[in-house]
Asker: 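Please find one structure pasted underneath; my questions will follow.
Everything numeric here is computed off the predicted structure, so don't read it as measured data. Hydrogens, waters and symmetry mates play no part in the numbers below; they use all other heavy atoms, side chains included.
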Amino acid sequence: MDTFTFMIAIILMMLAIQFNEQWLAFSIIAIMILTMRSISATVILVFAMGVLYFMRGNLEPYWPFIFFGLIIVALIFGMKGAGGGDAGGQPEYYSPDMYSGLMGGGG
């Protein structure tokens with residue numbers, strides 16, 4: 001899961017908790033956990049849900065601090081971003097040469 005997807009999930013969970021719809025926040029967590037591939041991102045999402053759930057009374061005045069704090073915690077714990085780590089980055093391009101195509105031929 002990249003950082004942008006994590007930010008969108010946090011914003012959706014904040015909105016769901018703000019409107020007192022905890023079932024929606026937990027369903028967002030469930031969908032994100034089912035579609036992710038890493039244990040660290042799962043732990044970070046569960047931690048974020050705990051922070052948002054326990055801060056639900058004071059969420060409105062402190063939402064920028066909570067939001068950016070959770071993003072920083074996600075980056076510290078090594079969640080792979082769009083350009084960082086070995087899971088992100090640009091994919092390699094194939095050579096458009098006639099003899100070295102996608103099937104591995106050429107020489």
Asker: Between Leu70 and Ile39, is there shared hydrophobic-cluster membership here, with clusters defined by ILVMFWY side-chain heavy atoms closer than 4.5 Å?
Answerer: no

Asker: Please enumerate all residues that pass side chain to side chain contact (heavy atoms under 4.5 Å, CB included) together with Phe65, with sequence neighbours excluded.
Answerer: Tyr62

Asker: Is there a continuous path of hydrophobic side-chain contacts, each under 4.5 Å between heavy atoms, that joins Leu34 to Leu45?
Answerer: no

Asker: Can you list the other members of the hydrophobic cluster that holds Phe54, where links are side-chain heavy atoms under 4.5 angstrom apart?
Answerer: Tyr53

Asker: Report the distance from atom CZ of Phe67 to atom CE of Met13, rounding to the nearest 0.5 Å.
Answerer: 10.0 Å

Asker: How many angstroms lie between atom CE of Met7 and atom CZ of Phe68, to the nearest 0.5 angstrom?
Answerer: 8.0 Å

Asker: Is it the case that one hydrophobic cluster holds both Val43 and Met49, taking links as side-chain heavy atoms less than 4.5 Å apart, direct or via other members?
Answerer: no

Asker: How far does CE of Met32 sit from CD1 of Ile44, to the nearest 0.5 angstrom?
Answerer: 11.5 Å

Asker: So which of Ile71, Ile11, Leu75 actually passes side-chain contact (heavy atoms from CB on, under 4.5 Å) with Phe6?
Answerer: Ile71

Asker: Which heavy atom in Ile17 sits nearest to a heavy atom in Ala25, and how many Å separate them?
Answerer: CG1-CB, 4.0 Å

Asker: Considering residues at least two apart in sequence or located in another chain, which fulfil the side chain to side chain donor-acceptor pair (under 3.5 Å) criterion with Gln18?
Answerer: none

Asker: Test of understanding: clusters of I, L, V, M, F, W, Y form through side-chain heavy atoms closer than 4.5 Å, transitively. Do Leu24 and Ile31 belong to the same one?
Answerer: no

